[in-house]
Amino acid sequence: MNLKTSIANNHFEMPFLNASGIICQTQEELDSLEATKELGGIVTKSATLQPREGNEQPRYYDLANGSINSMGLPNLGYPFYLDYVQHDHSKPTILSVAGMNADDAIELMRKVQDSDYEGLTELNLSCPNVIGHPQTAYDFEATEKILTTVCSFFKKPFGVKLPPYFDLAHFDGIAKVLNKFPLTHVNTINSVGNGLVVDVDKEQVVTKAKGGFGGLGGAMVLPTALANVRALRLRLNDDIAIIGTGGVTTGVDVFAHILCGADMVSVGTQVIKEGLGVYARLQKELEEIMADKGYESLDDFRGKVKEL
Ligand code: RRO
């Protein structure tokens, strides 16, 4: 069975990634990703210009059908992650960066451009949890403006991390913007922003920052994630790859993401629930469903979901 895949000139032995933010903040966590043989690549925590502690605790809450988080971008600051990705690794890296505003995002991309790093960078335009900062990619004009500036100087391979969209007009709108730029990939979806989980026994919300509003992930977001992968695959230029993120708990879910058009699939909440051993299970289950259907490579079914 061949599970190889690629994004631009970056070749991955396996289609599985960690979702940014999941076990990728510290050197020790990144080392544990590197040691996970079923992972095709390593994605860093979104790096900001300055190190950040993130939001007050509690900021992650486990649910039967997913999770809610209000982490608030805790990270060690971009120099650490930019240094990390410039070391030799056994698999490709994706350096995630997130500005607190447009100027920050542009400055971060300049730092990457000026470095010796030649791997993939991912500009996170969709963090839902920074107090007082809306998700950039819901504002198409602002997104176009940032990408126009970035592309005026950034000559390395990069993609963007998107929030989920919920209206066909919005899929049209964001795709029209993204197709103007030489992106390697889009990563869809970030968590479903500003959900609210209520503990009815305590009559209280479950996370501290922003009055309990936070990003939803895990099984409950799978249909939204598949819709975004499919809708963007139908609209984006063919040379823009898609990383499908959201709602994966089984190898069958990975299969569904790829069937909708994903080139790679990343996993967040389920890694928190189950640990890094999840990837061996996902690989086994993906290979089982592919074998049942007589498929030998991801190309055999990628993007081929049928309509009625
Ligand atoms: O750190 C976070 O709160 C966070 C980020 Br940057 C993100 O992109 N998505 C998310 O669910 N949480």
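Read the numbers this way: they start at 1 and go in the same order the structure lists the ligands and their atoms.
Lys284 and Glu38 are not joined by a salt bridge, as no carboxylate oxygen comes within less than 4.0 angstrom of a charged side-chain nitrogen.
Sorted by chain and number, the residues within 4.0 Å of ligand 1 by heavy atom are Lys45, Asn69, Met71, Gly72, Leu73, Pro74, Asn124, Cys127, Pro128, Asn129, Asn190, Ser191.
When only modelled atom types and interatomic distance are considered, Tyr84 and Thr93 share no side-chain donor-acceptor pair under 3.5 Å. Between the side chains of Asn187 and Thr245, a donor-acceptor pair is found at a separation under 3.5 Å.
Listed by chain and residue number, nothing satisfies the ring pair (Phe, Tyr, Trp, His ring centres under 6.0 Å) test with Phe80 (two or more places apart in sequence, or in another chain).
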For residues 145-154, which side-chain donor-acceptor pairs fall under 3.5 Å, sequence neighbours excluded?
from: Thr148; atom 1: OG1; to: Glu144; atom 2: O; distance (Å): 2.6
from: Thr149; atom 1: OG1; to: Lys145; atom 2: O; distance (Å): 3.1
from: Ser152; atom 1: OG; to: Thr149; atom 2: O; distance (Å): 2.5

Donor-acceptor pairs under 3.5 angstrom involving side-chain atoms of residues 103-110: please list them, not counting sequence neighbours.
from: Asp104; atom 1: OD2; to: Met100; atom 2: N; distance (Å): 3.3

